[in-house]
Structure formats: structure tokens, C-alpha cells
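Accompanying notes for the structure given below.
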Amino acid sequence: MNAISPATAKTVPAAAATGVRTLSAASTPVEDVHAALKRDGAVVLTDLVPGEVIDRVDADLSAYLDRTPFCEGNFFGWKTRRHASVLAKSRASHDLCANPFILDVVKGMLLPWCDSIQLSGTQTIQIHPGEPEQLLHADEELWPVERGRMEYQMNVVWALSDFTAENGATRILPGSHKDPEIERLPDDSRIVQAEMPRGSAAVWLGSTVHGGGANRSAAPRTGLSMAYCLGWLRQAENQYLANPPEIAKTYSRELQELIGYNVHNPNLGCFEGQDPRILLEMDGRPDILTFKDYMPEWAAELLEEFCAIRDGKKAA
Ligand SMILES: O=C(O)CCC(=O)C(=O)O
Ligand SMILES: [Fe+2]
């Protein structure tokens with residue numbers, strides 16, 4: 001396997017070979033991260049949060065992981081532990097989910113295709129010794145979408161332990177987001193493993209071919225996946241069951257909107273014809289509400305013009 005490039009590159013030279021760059025969030029403009037993602041389909045980011053945040057997330061989630069059985073399935077693995085509902089289980093994880101640099105990276109790639117992004121899924125993934133490599137896949141395969149038409153999703157995997165070639169660092173096929181077909185069995189020489197120290201995050205597009213690595217070490221490898229998708233797609237994890245109103249009420253407004261307590265234009269995700277955030281601002285639940293229009297500016301203008309013509313206030 002190729003090693004990942006060192007954490008020195010600040011910008012991405014146009015002619016550089018495809019690989020997976022390691023870039024510091026402290027010194028890299030977000031535009032350079034977008035350029036790397038557009039070229040390679042994946043990037044490793046360092047210097048995103050203080051180590052104490054990772055310690056707290058790790059402590060919160062370890063308490064659940066220790067009680068979580070191994071998965072049962074050839075995709076999720078047989079020597080891998082996974083659990084979801086991460087926001088409800090760890091307050092500290094909110095700082096990772098809503099990390100401003102990460103959100104800028106994600107929005108830059110997804111907002112061309114939607115009015116607002118949303119959290120698709122949260123998953124702690126602990127690969128234990130003896131787990132073989134996972135099937136290579138593209139995360140956008142969750143949906144029956146047209147590959148190459150747009151970017152639908154992005155995954156951010158935070159390293160809660162060091163990620164090494166031996167312990168199962170994610171295997172990535174650089175440049176594969178541009179391939180019309182998903183290659184399942186490329187030559188190993190073309191795969192890059194997202195080796196990174198604890199606290200870093202590997203970021204890849206929903207179209208990028210990747211998979212968990214084999215753990216040939218003696219200790220588990222722990223990652224925390226926060227996946228974001230276009231605001232009009234079905235979320236991978238049912239966020240309203242993972243974070244029902246009585247729990248979501250205690251979250252920041254930004255996080256409430258990210259998990260889906262908001263309306264994506266036009267009129268998507270309403271409760272009784274209104275923004276579902278109304279449920280977070282009141283006790284109990286109303287049984288009667290007024291329907292309201294939610295739409296982008298261009299549609300509001302079009303409607304206004306239509307009404308003016310229909311009502312004789314303007315000539316057609
Ligand atoms: O754990 C990893 O390194 C990646 C896992 C993955 O890609 C997945 O389960 O979709
Ligand atoms: Fe994946």
C-alpha cells in the first residue's frame with residue numbers, strides 16, 4: 001500500500017499526482033481542501049480540535065462500545081463493533097459534528113445541490129484484530145442515484161485511535177469519484193490507506209471508492225463517522241428516532257437544524273405544514289397548526305407575479 005503524503009502540503013499543485021493529502025485545518029484555506037477533494041475524492045485533516053475534545057468523546061463512546069456486541073454481516077463485519085445515536089450518547093461529540101471547518105468543507109461540496117445540508121448518520125466503528133478488509137464501496141450506493149450527476153453525501157471519520165496501515169486505516173482509491181463504475185477489486189498498489197494520528201479526520205466524497213482496512217495489529221482501531229448529505233435525501237440514520245424532540249430540545253440550534261429539525265425548500269420535512277422546530281420550542285405537541293409556504297426566493301417571486309396577474313393587478 002502507498003503511505004499517505006506527509007502533513008506538509010498547504011496547497012494542492014494542479015499537476016500533482018492523485019493521492020490522499022494530509023492538510024492542516026489550522027493553516028489550509030478551505031478552498032484548498034475543496035480543491036483536494038475535487039481532485040482526489042478524499043483528504044485527511046489535522047489540527048481540527050483540541051485533544052481534550054477527542055478524550056471526552058472517546059470516554060463517552062467507550063462506555064457504550066464496551067457493551068456493544070460485534071456486528072453480524074459481511075458488510076458491517078464480524079469482528080467490528082458499531083453503534084449509532086452518537087449525538088444522544090455524547091455531548092462532546094456535538095463539537096465534532098458541528099466543527100466549523102468541517103461544516104465549511106462539507107457545505108462547499110454539497111450546497112451547489114441543495115438549500116441546506118443535513119446530518120445523514122453517526123456511527124462509531126471499532127475494527128478489532130483479525131477483521132479482514134471490507135468490501136470496497138461508495139457511500140452514495142445507499143440511494144438509487146445517478147452516479148456522477150452530483151455529489152450526494154460526504155463522510156467524515158474522526159480518528160479516536162491512531163489509524164495505521166496495520167490496524168485497519170480506511171482504504172481509499174484516490175480519484176475514483178470520477179470513475180463511472182465502482183471498482184471493487186483494484187490492484188493494492190492503487191489503494192491509499194488513510195493513516196492518521198488520533199484526533200485527525202479522514203474526509204471523502206460519497207462517490208469515492210473506499211472501505212475499512214484489515215486489522216492485523218493486536219489492538220482495536222476506533223473511528224467516529226459523521227456523514228452529511230443533501231438536505232432533500234432520506235437520512236441513513238433515522239435522526240428523529242435517534243434524537244426525538246425531548247432530547248433534541250437540549251441541543252444547539254445549529255445541531256437541531258443539522259439533524260433535520262428544519263424545512264428544506266420547498267416544503268420538505270414539515271410538521272403540520274410548519275417548520276418542525278416548533279416542536280422544540282413548546283411543551284407537548286400542538287394538534288392544530290396553520291400551513292405556511294416554504295420556498296426559495298425565485299419561487300416566491302414567481303408565485304407573487306402569478307398572483308398579481310391572476311388578480312388583475314398586473315398585465316400578463
Ligand atoms: O471504518 C472505516 O474505515 C470505513 C467504514 C466504511 O466505509 C463503512 O462502513 O461504510
Ligand atoms: Fe463507507
Side-chain angles (χ1 to χ4, degrees), residues 1-2 4 20 22 37 40-45 57-58 61 65 68 70-86 93 96 106 109 119-143 145 147 151-174 176-177 179 182-186 188 191-217 219-229 233 235-237:
M1 306 274 175
N2 296 330
I4 206 155
V20 178
T22 297
L37 281 167
D40 301 325
V43 70
V44 169
L45 299 175
V57 174
D58 195 11
L61 299 181
L65 271 177
T68 303
F70 284 135
C71 306
E72 295 182 4
N74 287 332
F75 183 73
F76 284 138
W78 298 89
K79 286 183 180 154
T80 295
R81 298 190 206 276
R82 295 177 191 248
H83 69 76
S85 301
V86 170
S93 75
L96 304 188
V106 173
M109 300 305 292
L119 187 67
S120 179
T122 61
Q123 208 178 105
T124 311
I125 307 174
Q126 189 172 67
I127 302 181
H128 280 249
E131 181 73 275
E133 68 199 34
Q134 189 187 32
L135 173 80
L136 289 181
H137 60 277
D139 290 333
E140 69 184 17
E141 289 182 89
L142 273 173
W143 304 283
V145 291
R147 186 169 165 77
E151 283 306 330
Y152 302 92
Q153 195 250 29
M154 283 181 74
N155 206 343
V156 178
V157 171
W158 293 83
L160 299 186
S161 65
D162 289 342
F163 273 39
T164 68
E166 291 71 38
N167 77 4
T170 312
R171 303 169 75 232
I172 293 171
L173 186 58
S176 54
H177 59 305
D179 296 341
I182 294 168
E183 266 191 278
R184 308 282 178 191
L185 294 167
D188 262 4
I191 302 260
V192 172
Q193 282 191 270
E195 291 189 83
M196 54 180 169
R198 185 172 190 264
S200 321
V203 181
W204 59 83
L205 303 175
S207 49
T208 303
V209 175
H210 70 281
N215 190 339
R216 299 189 189 87
S217 79
R221 185 228 76 177
T222 310
L224 169 57
S225 159
M226 298 274 186
Y228 307 82
C229 69
L233 272 171
Q235 290 150 303
E237 178 183 11

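As the structure lists them, so they are numbered: ligands from 1, and atoms in each ligand from 1. Worth saying up front: this structure is predicted, and the values here are computed from it rather than measured.
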*Are Asp188 and Arg171 within salt-bridge range, i.e. N to O under 4.0 Å?*
yes
*Would you mind checking if Glu131 and Arg82 are paired as a salt bridge, meaning a charged N to carboxylate O distance below 4.0 Å?*
no
Note the single closest protein heavy atom to [atom], along with its residue, its atom name and the distance in Å.
{"atom": "atom 5 (C) of ligand 1", "result": "Gln134 OE1, 3.5 Å"}
{"atom": "atom 3 (O) of ligand 1", "result": "Thr170 OG1, 2.6 Å"}
{"atom": "atom 1 (O) of ligand 1", "result": "Arg221 NH2, 2.8 Å"}
{"atom": "atom 9 (O) of ligand 1", "result": "Arg82 NH1, 2.9 Å"}
{"atom": "atom 10 (O) of ligand 1", "result": "His137 NE2, 3.0 Å"}

*Just checking, is any N or O donor in the side chain of Glu237 or Thr122 under 3.5 Å from an acceptor N or O on the other one?*
yes
*asked:* Any donor-acceptor pair under 3.5 Å linking the side-chain atoms of His137 with those of Asp139?
replied: yes
*Parallel, tilted or perpendicular for Trp204 and His210, by the 30°/60° rule?*
tilted
*Any nitrogen or oxygen of His210, main chain or side chain, under 3.5 Å from a nitrogen or oxygen of ligand 1?*
yes
*CG/Leu135: more than 12 non-hydrogen atoms of other groups inside 6.0 Å*: yes
Closer than 3.5 angstrom, by distance alone: can the side chain of [X] be matched with the main-chain N or O of [Y] as a donor-acceptor pair?
{"X": "Glu195", "Y": "Ala165", "value": "yes"}
{"X": "Arg81", "Y": "Thr222", "value": "no"}
{"X": "Gln235", "Y": "Leu119", "value": "yes"}

*Quick one: side chain to side chain donor-acceptor pair (under 3.5 Å) partners of Arg198, sequence neighbours excluded?*
Asp55, Asp58
*Have a look at Ala236, Gly212, Gly213 and point out the one with the heavy atom closest to atom 4 (C) of ligand 1.*
Gly212
*Under 4.0 Å from ligand 1, counting heavy atoms only, is it the side chain of Asp139, its backbone, both or neither?*
side chain
*Using heavy atoms and a threshold below 4.0 Å, how should the contact between Glu141 and ligand 1 be classified: side chain, backbone, both, or neither?*
neither
*Is there a heavy atom of Val157 sitting under 4.0 angstrom from any atom of ligand 1?*
no
_Metal site the Fe ion (ligand 2), protein N/O/S atoms found under 2.8 Å_ = 3
